[in-house]
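Notes to accompany the following structure.
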Amino acid sequence: RALDGLSLDICKGDVVGLIGPNGAGKSTLLRMIAGIIPPDEGEIKTRGRVDLLAGVGAGMQGNLSGIENIELSGSIYGMSKEEISDSIEQIVEFSDVGEFIYQPVRTYSSGMKARLGFSISAHIKPDILLIDEVFAVGDGEFGHKSREKISELINGGATVVMVSHNIHLIRELCNQAFCIKKGKICSSPSGDVDDACEKYKDF
């Protein structure tokens, strides 16, 4: 079982960290929350617009340009043409991909794909943002910019669930954290951040 009897209640505005060894079920849980993988048992309830940011350039179409991917993502999330048009300049500037925005995404470096993917997700302003290890990619300056953007989303009422092996990041951003091992929560069920980080150090 990827996940075994796992139960979580996440409230609006929470920033929840999921940590644990590889293969523990963290990414599977995010994909279930996003509606990509249905659970075999039990149920998952979400309220609002959910966006999963997972891996490098996940969800982007390689043969389309960066601009076309922005337009496609916006339309998928129900944005009007005017809303998309108003957001493009901010997304491009934040992603720092420059003139490459007019080139097919398949020509991008992994760092460029990660920056554009994060920038699109952040500016679409989902109600629930799911983040899977995207901070492992890219330079330090963009990592700092990303954390600031997440803080901005949080202040705007967004709910964030993030998978990371970076304990410092979990402590910095999260008000709750859970350590997962073999599909089960092995840290405090209340989501105590310190307890989850200490449990993770044992692996």
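In this chain, numbering begins with 1 at the start of the sequence shown. Basis for what follows: all heavy atoms, side chains included, without hydrogens, waters or symmetry-related copies.
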Distance from [X] atom [atom1] to [Y] atom [atom2], nearest 0.5 Å?
X	Y	atom1	atom2	result
Ser121	Leu129	OG	CG	6.0 Å
Tyr108	Ser95	OH	OG	7.5 Å
Glu71	Ser65	CD	OG	7.0 Å
His123	Ile70	NE2	CD1	9.5 Å
Arg106	Leu64	CZ	CG	10.0 Å
Thr159	Leu130	OG1	CG	10.0 Å

Under 3.5 Å donor-acceptor pairs involving side-chain atoms of residues 20-28, not counting sequence neighbours:
residue: Asn22; atom: OD1; partner: His165; partner atom: NE2; Å: 3.2
residue: Lys26; atom: NZ; partner: Gly20; partner atom: O; Å: 3.0
residue: Lys26; atom: NZ; partner: Pro21; partner atom: O; Å: 2.9
residue: Ser27; atom: OG; partner: Asp132; partner atom: OD1; Å: 3.4
residue: Ser27; atom: OG; partner: Asp132; partner atom: OD2; Å: 2.6

query = When you measure from the side chain of Asn155 to the backbone N and O of Ser151, does any donor-acceptor pair fall under 3.5 Å?
reply =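 Present.
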Taking the side chain as every heavy atom from C-beta outward, state whether [X] and [Y] have any pair of such atoms under 4.5 Å apart.
X	Y	value
Leu116	Ile101	yes
Lys184	Leu6	no
Val97	Gln103	no
Gln61	Asn69	yes
Asp4	Lys182	no
Cys197	Ile167	yes
Lys113	Met60	yes

Could you pull out every donor-acceptor pair under 3.5 Å between side chains of residues 171-181 and any protein atom, sequence neighbours left out?
residue: Arg171; atom: NH1; partner: Asp194; partner atom: OD1; Å: 2.5
residue: Asn175; atom: OD1; partner: Val15; partner atom: N; Å: 2.6
residue: Asn175; atom: ND2; partner: Asp14; partner atom: OD1; Å: 3.2
residue: Gln176; atom: NE2; partner: Ser190; partner atom: O; Å: 3.1

request  = May I have all residue pairs that pass salt bridge (charged side-chain N to carboxylate O under 4.0 Å, His left out) and include part of residues 148-166, sequence neighbours excluded?
outcome  =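 Listed once each, the pairs are Lys149-Glu152.
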request  = Taking atom CG of Asp9 as the centre, report whether more than 12 heavy atoms of other residues, nucleotides or ligands fall under 6.0 Å from it.
outcome  =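 For Asp9, atom CG is not crowded (no more than 12 foreign heavy atoms under 6.0 Å).
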inquiry  = Set out, in order, the CA-CA distance, both residues' side-chain angles and the distance that settles side-chain contact (heavy atoms from CB on, under 4.5 Å) for Val163 and Leu30, then state yes or no.
reply    = CA-CA 8 Å; Val163 167; Leu30 284 195; 3.7 Å; yes
message = Name the residue from Ile170, Leu29, Ile185 that meets the side-chain contact (heavy atoms from CB on, under 4.5 Å) definition with Leu18.
response =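 Exactly one option meets the side-chain contact (heavy atoms from CB on, under 4.5 Å) with Leu18, and it is Leu29.
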query = Who pairs with Phe100 by ring pair (Phe, Tyr, Trp, His ring centres under 6.0 Å), at least two apart in sequence or on another chain?
reply =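 In terms of ring pair (Phe, Tyr, Trp, His ring centres under 6.0 Å), with neighbours along the sequence ignored, Phe100 is linked to no residue.
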Quick one: side chains of residues 35-49, donor-acceptor pairs under 3.5 Å with protein atoms, not counting sequence neighbours, listed by atom name and distance.
residue: Arg49; atom: NE; partner: Tyr77; partner atom: O; Å: 3.4
residue: Arg49; atom: NH1; partner: Ile124; partner atom: O; Å: 2.9
residue: Arg49; atom: NH2; partner: Tyr77; partner atom: O; Å: 3.0

Distance-only donor-acceptor hits, side chain of residues 85-93, under 3.5 Å, sequence neighbours excluded:
residue: Ser87; atom: OG; partner: Glu83; partner atom: O; Å: 2.9

